[in-house]
Amino acid sequence: MSAAMPPKGIRRALVLGGGGAVGLSWMAGVVIALRAAGIDPAAADRIVGTSAGAVVGAALAADVDLNLLLRRPSTETAELEPIEFDPNSFGEILGLLGTPGLDPAEARRRAGARALEMNLGDPATHIARIGAFVGHSDWPQRDLLITAISVDTGELQAWTPGGKATLPEALASSTSVPGVFPPIPIDGVHYFDGGMRSPINADLAAGAERMLVIEPLAHLFPHAPSDRDLGGAATTFIVPDVDAIAAFGPNLFSADALVPAYEAGVRQGGEAAPGLRDFWRA
């Protein structure tokens with residue numbers, strides 16, 4: 001799927017961006033605070049999740065307690081290994097993605113191919129790690145889109161209920177940051193982080209009447225050209241402020257930053273709530 005079809009009859013869309021483990025904690029805090037103020041982002045008619053936003057979106061769609069996203073996930077038999085972030089490997093991938101004059105899809109294809117060569121571990125381990133956040137393998141029966149990129153083509157794949165991917169596979173592929181995690185094999189094709197196309201992939205909700213975008217990495221990554229035409233949707237963004245960015249720190253997978261990021265999210269969600277009440281009305 002390389003282009004979005006405008007949704008029909010969708011009044012409210014929720015778009016959740018990528019952000020690593022730290023951004024996930026911040027988003028969870030934002031949503032928890034909004035709900036405490038009487039605003040439920042899960043009431044959206046369509047939810048689009050990219051990378052960390054895919055995990056939060058799946059939890060919301062399945063009515064999973066967001067506090068569970070703040071725990072350290074484990075398998076049934078053993079605690080999973082901590083995430084190792086190698087800035088050199090990730091920097092190499094970013095260099096490929098930013099190759100001057102190269103078609104963006106071809107740049108993503110090359111980045112995915114290089115990630116396959118990096119021997120970043122067993123994909124099954126990442127599937128288990130990410131699947132443990134939501135706690136089950138069944139897709140929620142909601143209009144939920146989880147974004148990933150095909151290594152074969154470099155094009156966007158939007159996973160939906162009833163597709164070829166199980167929910168843990170879809171979430172693992174969307175969160176498979178190239179250079180950090182291994183691409184995920186699904187039905188004979190490998191997939192990696194949908195954030196390598198856009199940090200939000202908001203065009204998948206183009207045409208909705210109203211769109212709420214919660215974007216942890218707005219201070220780091222610009223929007224893609226595909227995010228510019230949203231079909232006239234009235235759009236509101238919640239992005240990290242200066243204090244939240246400081247709480248994130250330089251490593252988006254740092255365990256030490258999870259609680260400060262969550263607390264910053266709670267604060268910002270509470271601050272944003274009064275301005276969202278009319279916007280997010282049914």
Side-chain angles (χ1 to χ4, degrees), residues 1-5 14-21 23-24 27 46-59 61 90 93-94 96-97 104-116 118 120-131 133-134 137 139-140 142-205 215-217 221 223-224 226-227 252:
M1 179 174 185
S2 60
M5 292 296 294
L14 174 66
V15 175
L16 301 163
L24 186 155
M27 278 187 286
R46 169 167 290 185
I47 299 174
V48 178
T50 292
S51 200
V55 178
V56 176
F90 185 57
I93 295 295
L94 290 180
L96 288 170
L97 291 170
E106 175 60 18
R108 292 190 294 266
R109 190 195 67 75
R110 293 186 187 183
R114 180 67 186 106
L116 276 174
M118 286 181 173
L120 296 166
D122 186 351
T125 299
H126 189 53
I127 293 171
R129 174 189 288 112
I130 298 302
F133 277 111
V134 178
S137 60
W139 277 87
R142 295 283 306 277
D143 188 347
L144 171 65
L145 281 69
I146 293 175
T147 68
I149 303 295
S150 165
V151 171
D152 282 3
T153 65
E155 296 288 358
L156 178 69
Q157 169 67 48
W159 301 114
T160 58
K164 294 178 179 179
T166 66
L167 182 60
E169 288 173 339
L171 293 174
S173 68
S174 188
T175 57
S176 178
V177 181
V180 181
F181 301 114
I184 305 299
I186 300 172
D187 196 36
V189 178
H190 284 82
Y191 297 89
F192 63 99
D193 191 338
M196 299 302 106
R197 174 192 184 248
S198 158
I200 53 175
N201 291 295
D203 60 317
L204 293 178
E215 185 180 2
L217 301 185
F221 298 108
H223 291 167
S226 54
D227 295 319
L252 294 175

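Atom set for the values below is all heavy atoms of this structure, side chains included, hydrogens, waters and symmetry mates excluded. Here, residue 1 is the first one in the sequence, and each next residue gets the next number.
- No side-chain heavy atom of Ile93 sits under 4.5 Å from any side-chain heavy atom of Val177.
- Scanning both residues, Pro199 and Ala224, for their nearest heavy atoms gives CD-N, 4.5 Å.
- Here OG of Ser137 is found 9.5 Å from CD of Glu169. Values are rounded to the nearest 0.5 Å.
- Residues Glu155 and Arg109 fail the side-chain proximity criterion, which asks for heavy atoms closer than 4.5 Å.
- With Thr50 as the fixed residue, the side chain to side chain donor-acceptor pair (under 3.5 Å) test singles out one of Asp193, Thr175, Asn201: Asn201.
- Here the straight-line distance linking atom CD1 of Ile146 with atom OG of Ser173 works out to 7.5 Å at 0.5 Å rounding.
- In this structure, Ser174 and Thr147 have side chains that are in contact, with non-hydrogen atoms separated by less than 4.5 Å.
- Between Ile47 and Gly57 the shortest heavy-atom distance is CG2-CA, 3.8 Å.
- Taking the six-membered ring for Trp and thresholds of 30 and 60 degrees, Trp159 and Tyr191 have ring planes more than 60 degrees apart, a perpendicular arrangement.
- Nearest heavy-atom pair, Ala158 versus Leu145, reported as atom, atom and distance to 0.1 Å: CB-CD2, 4.2 Å.
- The distance from atom CD1 of Ile149 to atom CG of Leu97, rounded to the nearest 0.5 Å, is 9.5 Å.
- From Arg142, atom CZ reaches atom OG1 of Thr160 across 14.5 Å, with rounding to the nearest 0.5 Å.
- Counting heavy atoms from C-beta outward, Arg110 and Arg114 have side chains that stay 4.5 Å or more apart.
- Shown here for Ile127 and Pro168, the closest heavy-atom pair between the two residues is CG2-CB, 3.9 Å.
- Side-chain atoms of Pro216 and Met27, non-hydrogen and from C-beta on, do get closer than 4.5 Å to each other.
- With rounding to the nearest 0.5 Å, the separation of NE2 in His223 from CD1 in Ile200 is 3.5 Å.
- Closest approach of Arg46 and Leu204 over heavy atoms only: NH1-O, 2.8 Å.
- Leu120 is not listed as a side-chain neighbour of Phe181, based on a closest heavy-atom distance of 4.5 Å or more.
- At a threshold of 4.5 Å between non-hydrogen side-chain atoms, the residues Asp203 and Arg197 count as touching.
- Of all heavy-atom pairs between Pro161 and Pro140, the closest is CG-O, 3.5 Å.
- To the nearest 0.5 Å, atom CZ of residue Phe221 and atom CD of residue Glu215 are 11.0 Å apart.
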